[in-house]
Amino acid sequence: MSSRFQAPRGTQDVLPAMQPYWSAINDAILAVTRLYGYRRIDTPIFEAAALFEKGSGDTTDIVEKEMYVFTDRGGEALALTPEATPAICRAYLEHGMGSWPQPVRLYTTHPMFRYDRPQKGRYRQHTQFDCEVLGSGDPLVDAELIGLLWDLYRRLGLKGLQVRLSSIDDPGPRRAYVDRLKEYYRPFLGDLSEDSRRRFERNPLRLLDSKDDRDAPYKSDAPKLVDHLSPPAAAHHEAVTAALAALDIPFVIDPLLVRGLDYYNRTVFEIVPVEDERAQSTIGGGGRYDGLMEILGGPPTPGIGFGCGFERVILEMQKNGVEPAEGPQASVFVVHRGAATAAAALRAVAALRAAGLPALPGEGERSFKSQMRSADASGARVAIILGEDEVARGTAIVKDLRGEGGQREVPLGEVAAAAESLLASFG
RNA sequence: GUGGGCGUAGCGUAGCGGUUAACGCGUCAGGUUGUGGCCCUGAAGAUCGAGGGUUCGAUCCCCUCCGCCCACCCCA
């Protein structure tokens, strides 16, 4: 057992039984992106490692300790994509999308790789639905983007979700705020948790996000970034909240919301189940990144985007009791027995499929009983039975598997038509 | 990376320091002459996660590793 191969840690097989969830999400994505005017883009599974080191920020956890980096045979330093935004921005610059009509709305679904300790809702390979709007700094775009994601969840039947919104200002004013925050915390440094002391040096904004009880007393009185925004960022934030209100999207301002990527400015948001205390429950999040294109060597180009994890959305769907319909099953099962019937069975199955009916052949070596059991297990509603006697007569039996099991004999050439009319009679 | 819990056939479980490790579901095969769903019978299927140690003897005790789960960190 365990000496056999297993899927690598933190990865999983998506078995047939789970595929309806994936299809439901993909269908909903297709519908919603079409309605909102987003066009699909697919970027490579791996990119230059430096793209993420520069783009995501080389002090972020994603880059510092979670990236799958490797050197290929040509000596290139590559990384399995840990997040989509830098890759899509790279594509924007590489293909001159700046000369397309602005803004450019793009989406993708893409596997993401992060070398993290797996737990529920967190995997080393996961799949994200990702949307980016490039070339617009309009706050209405922020609201529209959030609205798209909200719409998606609604279509998937998710309830009890909440948008958490904040603004982390622009880099200059944010630095000023961070200084003020550090001044506030400096006198208490000795009382803080070890983690928070580390944050004080490396990422002071995270101080506000601490879950350690020792830090709690200081959090409430700390100056909040949203309350001290620079005038342009404040106006932007106001406009976003007004737009969300106009769209009837319920949201709360969460001053403690800090996202873990360096490139964010102004709008940041997450969508979470309201009554879920689990740590890994965020099912979508993103923000604005007006400075990223320049970091990547391009012209100043504002942008905003989000990532949404399929696996977590599925967990949420299950929690909500959403059960996507199974895909199409065989509706006709062709039972046959004996060497002389093999060719007729093949032709019957082919004729059924040609008529658009999902059809499955039985295994001619097995008994009729066994094949009929298979027919039942397959979910088929009609069985075609080809015994040696029938084939010799040039006929086949068409049997109703739903009710009492009535059957009739028809000429071989009429099998598909007979099955079709029987299926039609079921309504 | 840190701390804690867990790991018995495909799935869900029982079990005990000592004869052939049990049950349900599932799978396969039968239940008379060529026919499903219910029912009955039978069979296959587990080196009791892996490796090492303690012991006369370990699935059950100890160590290491692997994996899963939970929390932290962080994130989708």
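Chain letters run A, B, ... following the sequence lines, proteins first and then strands; every chain starts at 1.
The CD1 atom of Ile271(A) lies 10.5 Å from the CG atom of Leu165(A); values are rounded to the nearest 0.5 Å. Considering CZ of Arg164(A) and CG of Leu256(A), their distance stands at 9.5 Å, rounded to 0.5 Å.
In RNA chain B, runs of at least 3 stacked Watson-Crick or G-U pairs (N1-N3 plus N6-O4 or O6-N4, or N1-O2 plus O6-N3, all under 3.5 Å) give these stems: B:1-7 with B:66-72, B:10-13 with B:22-25, B:27-31 with B:39-43, B:49-53 with B:61-65.
Between Arg9(A) and the phosphate of rG67(B), there is a side-chain N or O to OP1/OP2 separation shorter than 4.0 Å. Contact between the side-chain N/O atoms of Arg366(A) and the OP1/OP2 oxygens of rC28(B) is found at a separation under 4.0 Å. Taking 4.0 angstrom as the limit, Arg117(A) places none of its side-chain polar atoms (N or O) nearer than this to OP1 or OP2 of rC73(B).
Residues Asp116(A) and Tyr123(A) are not in side-chain contact: their nearest non-hydrogen atoms beyond the backbone lie 4.5 Å or more apart. Looking at Gln371(A) and His336(A), their side chains come closer than 4.5 Å, going by heavy atoms from C-beta outward.
Judged by the 6.0 Å and 45° rule, Lys65(A) forms no cation-pi pair with Tyr115(A). Because its NZ or CZ atom is both nearer than 6.0 Å to the ring centre of Phe426(A) and within 45° of the ring axis, Arg402(A) counts as a cation-pi partner of that residue.
Judged purely by distance below 3.5 Å, without hydrogens or angles, the side chains of Thr267(A) and Asp142(A) pair a donor atom with an acceptor atom.
Closest approach of Ala355(A) to Ala416(A), counting heavy atoms only: CB-CB, 4.2 Å.
Rounded to whole Å, the distance from OH on Tyr263(A) to C1' on rC75(B) is 12 Å. Summarising the geometry, the separation between CG on Leu156(A) and C1' on rA76(B) is reported as 15 Å, rounded to the nearest angstrom. One interatomic measurement links the two molecules: CD of Glu363(A) to P of rU27(B), which rounds to 14 Å at whole-angstrom precision. Taking atom CD of residue Glu66(A) and atom C1' of nucleotide rG1(B), one finds them 11 Å apart after rounding to whole Å. Taking atom CZ on Arg197(A) and atom C1' on rC73(B), their separation rounds to 16 Å, with Å as the unit. If you measure from atom CG of Leu149(A) to atom C1' of rA76(B), you get 11 Å, rounded to the nearest angstrom.
Picking from rU2(B), rC74(B), rA71(B) the nucleotide with the shortest atom distance to the side chain of Gln119(A) gives rA71(B).
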_Can you build the contact string for nucleotides 30-39 of chain B? Use B for base contact, S for sugar-phosphate-only contact, and - for no protein heavy atom under 4.0 Å._
BB--BBBB-B
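Residue-to-nucleotide contacts include no donor-acceptor pair under 3.5 Å from the side chain of Arg122(A) to the base of rC69(B).
More than 12 heavy atoms of other residues, nucleotides or ligands sit less than 6.0 Å from atom CZ of Arg40(A).
Ring centers of Tyr38(A) and Tyr107(A): at least 6.0 Å apart, outside the cut-off. Remark: aromatic rings of Phe306(A) and Phe129(A) are close, center separation under 6.0 Å.
Note on Gly10(A): only backbone sugar-phosphate atoms sit closer than 4.0 angstrom, heavy atoms only; bases stay farther off.
Taking the P atom of each, rU19(B) and rG36(B) are spaced 44 Å apart, rounded to whole Å.
Electrostatic pairing of Arg393(A) and Glu409(A) counts as a salt bridge here, judged by a charged N lying under 4.0 Å from a carboxylate O.
If you check residues 344-353 of chain A against RNA chain B, you find no residue with a heavy atom closer than 4.0 Å.
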